[in-house]
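All ligand and atom numbering here is 1-based and tracks the order in the structure.
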Amino acid sequence: MSQPEDPRAPTPSPSGRLAAGKQDASGPPPGPLRLIELSPQNLYDKCQALARNLWWSWHPEVTNLFRELDPVRFRQLDHNPIALLAEFTPERLEARAAELVLYSRINQAYRRLKEYLAAENTWSDVHAGVLGSKPVVYFSAEFGIHESVPIYSGGLGVLSGDHIKSASGLGIPLVAVGLFYKQGYFKQQLDIDGYQHEEYLQSRVEALPLEPAIGTDGQQVQVAIDTRSGQIRAKVWKMAVGRVSLYLLDSDVDGNTPEDRELTSRLYGGDTRVRIRQELVLGVGGVRAIRALGIVPGVYHLNEGHSVFATLEAVRGRMDRDGFSFDDAVREVARQTVFTTHTPVPAGHDRFDSGQIEEHLGPMRDALGISHDHLMGLGRVDPSNHGEPFCMTVLGLKLSRRANAVSALHGHVSRKMWKDLWGWRVEEEVPIGHITNGVHVPSWLSWQMLQLYDRIFPANWFRRMGEPDVWQKIHECDPGELWETHYALKNLLLQFVRRRLARQCKRRGESDEAVEAARSVLDPNVLTIGFARRFATYKRADLVLGDLDKLSKLICDADRPIQVIFAGKAHPADDPGKGLIRKIANLRHDPRLAGRIVFVEDYDINVCRHLIQGVDVWLNNPRRPLEASGTSGQKVVLNGGLNCSIPDGWWAEAFDGRNGFAIGRGEIHANPEITDARDSAALYDVLQNEVIPLFYERDADGLPQTWIKMMKNSISSLAWRFSSHRMVMDYARSCYVPAAGGLSCDMHSR
Ligand SMILES: *Cc1c(COP(=O)(O)O)cnc(C)c1O
């Protein structure tokens, strides 16, 4: 990333993006006089304070401060500023800051953080005042906030991270609850034959922005959950994400059995028994933790089924505290509960058998005063069907008054999928609405595009990025400037990919020539297509390989070649997914494709950020309608890349014929093999007849004018709509406010 021209005194951008709610500070401006007061310890403390609120991660000016202290170590440490600062004494930090003239920037960043945390007159103050002192409690099994905090696996986690960042930006009173995975999700390495190997690294708590969550009794909160086979305990950590506190439960405590101490160490690692126990800690433990912290929830937002046991503990709490009957408490809790379902793939919905439920929720149902059958019925579509397992999504739908899918199409699919729960209603009237996912603009926008937007967008556009008119200004941008900016980003991406590929070769012990070759793969003047996501089979990473001869012709075309960058992990238990990775990784041995199809290992937020900021085209070809939303393509939009996608998930409601490319028309054959064959043909068709010709159609200055026009259409029509600010505003208006106020709402109420 480039740096501001004058490192000593960067002028705040016209967006005012560092100032949160209020415009400027009342204190004296930073200047030489104030610097004298800054002792080494004082300077160090300010850097620590910045490093300990993840607010820094979506403020490139602050990220750059840390990077400049030691660019190489910062990269090696996964861009973790706490780990970086641990390598400095206050004196060495001071010397380094003096050398780089960083004082006033550190002061300024620190002051901006303080202002941000204290801001009044936020969007929420105006639009969601009813939430006041009773916050939304947002539950999710994973949170993807930054690569240095490895408690996420993929899209769901990144969505949760983006949700709480936007809630923070909008000033919505919200606290979040998740699990602390000491080993996180696995690190991926491919061996020489393309087989995926998984490695779990132990995080050091000291190197993470965690602090003990202190309860009303002045101690670190601990919760205990009884099961028929013993008690599970968990302690609670707190992490600051801007104005939002994220509470993470960690079962690694004294008194737990050795297995239970490991319970929360890995994300999606174990069998169904580990799974139900994790979900017990997240849901039941989470509600108890919130109570111990003295927080009274106004709304429960359950992001996906993993946390739905929270409703049972909330019901128990109402019976206990307010003397309600079970039925009355259920009605009250459901009124306060918002449930978001995230997948139309059946295996994506957790199901537990009767024995597992009795073992883990037996003591809970005793407290609730209900029979085993009654409890099982809450998780069954047909309560009288004793063969039906207990489904978390069913419980979520039954115990929430507001439920939503994550795109318009996913809404249709979900209503169809769950219509039997409301057998007396026609499908259209099944009470599952939709709020389409979006992404946190500051987290995914490149520094270079930010500079460009700052120059042409209205002042304070950063606070209005969920509004359409702001983004229309892109049409006034000089086409050459937009193209140059994109070209610079593409070059940065290629440098990143080459560095990674060389490292991969070295680690596998390949020859020096191979390492050298990796350093010169890909060409910045070639149309560059990115494909990166989980390697779940429905995402069909190999669709573009359907006809290798055709593909190699496109790749080797003398005048209009293409190149493809792949990345993504397969779940450790997903052998077909791993097979796909192997197939793609091994294409590097095909002389026709070598150097033009590459696989970058260990896809994470960092790899994603590089890819979405630099590609020309982002390819997404899931088997419709299995992609509930998808969000990576939304990140591409912000940076000027174009989407080429099956009209599924968000793209089904985004594509308008002028803002990107559609693969086929969304037709589905009853036989998935025929669908796949058709889609593969449609993919080659759109590449050959639309994408490639448009990219290489250049004017006298070498500019692809029609392509640039499409980039502008993409930015102006999509960036605001698919931002998480818009998404969280939608949740606030149509779910949080009515749930907190007890009013009904058209779209979601039952
Ligand atoms: C955004 C993101 C995803 C989601 O991508 P999809 O297109 O929804 O599959 C997955 N993983 C990471 C690391 C991301 O940043």
Flag the pair F722 / W650 as yes when their ring centroid distance falls below 6.0 Å, and as no otherwise. yes
Of all the non-hydrogen atoms in the protein, which one sits nearest to atom 6 (P) of ligand 1, and at what distance? S632 OG, 3.6 Å
At less than 4.0 angstrom from any non-hydrogen atom of C608, what atoms of ligand 1 do you find? 14 (C), 15 (O)
Any N/O pair K635/ligand 1 closer than 3.5 Å: yes
For atom 11 (N) of ligand 1, closest protein heavy-atom neighbour: Y603 CE2, 3.5 Å
Atoms of ligand 1 close to G630 [distance to a heavy atom under 4.0 angstrom, numbered from 1]: 8 (O)
Go through ligand 1 atom by atom and flag the ones less than 4.0 Å from a non-hydrogen atom of G154. 10 (C), 11 (N)
Hey, are the side chains of Q563 and L527 touching, using non-hydrogen atoms and a 4.5 Å cut-off? no
Run down the list A532, S443, G157, G155 and name the one with the heavy atom closest to atom 10 (C) of ligand 1. G155
Check each heavy atom of R609 against ligand 1 and say whether those closer than 4.0 Å belong to the side chain, the backbone, both or neither. neither
Between ligand 1 and W444, is the shortest N or O to N or O distance under 3.5 Å? no
Tell me, do K165 and V241 make a side-chain contact under 4.5 Å, heavy atoms counted? yes
Between D604 and ligand 1, which part of the residue brings a heavy atom under 4.0 Å of the ligand: side chain, backbone, both or neither? backbone
Run the side chain to side chain donor-acceptor pair (under 3.5 Å) test against N53 and tell me which residues pass, sequence neighbours left out. none
Using a 4.0 Å heavy-atom cut-off, which part of K539 comes near ligand 1: side chain, backbone, both, or neither? side chain
Sequence neighbours left out, what passes side chain to side chain donor-acceptor pair (under 3.5 Å) with W444? Give chain and number order. D162
Give the contacting part of T631 toward ligand 1: side chain, backbone, both or neither, where contact means a heavy-atom distance below 4.0 Å. both
Does the ring centre of H342 sit less than 6.0 Å away from the ring centre of H410? no
For F186 and P572, the nearest pair of non-hydrogen atoms, with its separation, is CE2-CD, 3.6 Å
Centroid separation under 6.0 Å, is that true for the rings of H146 and W56? yes
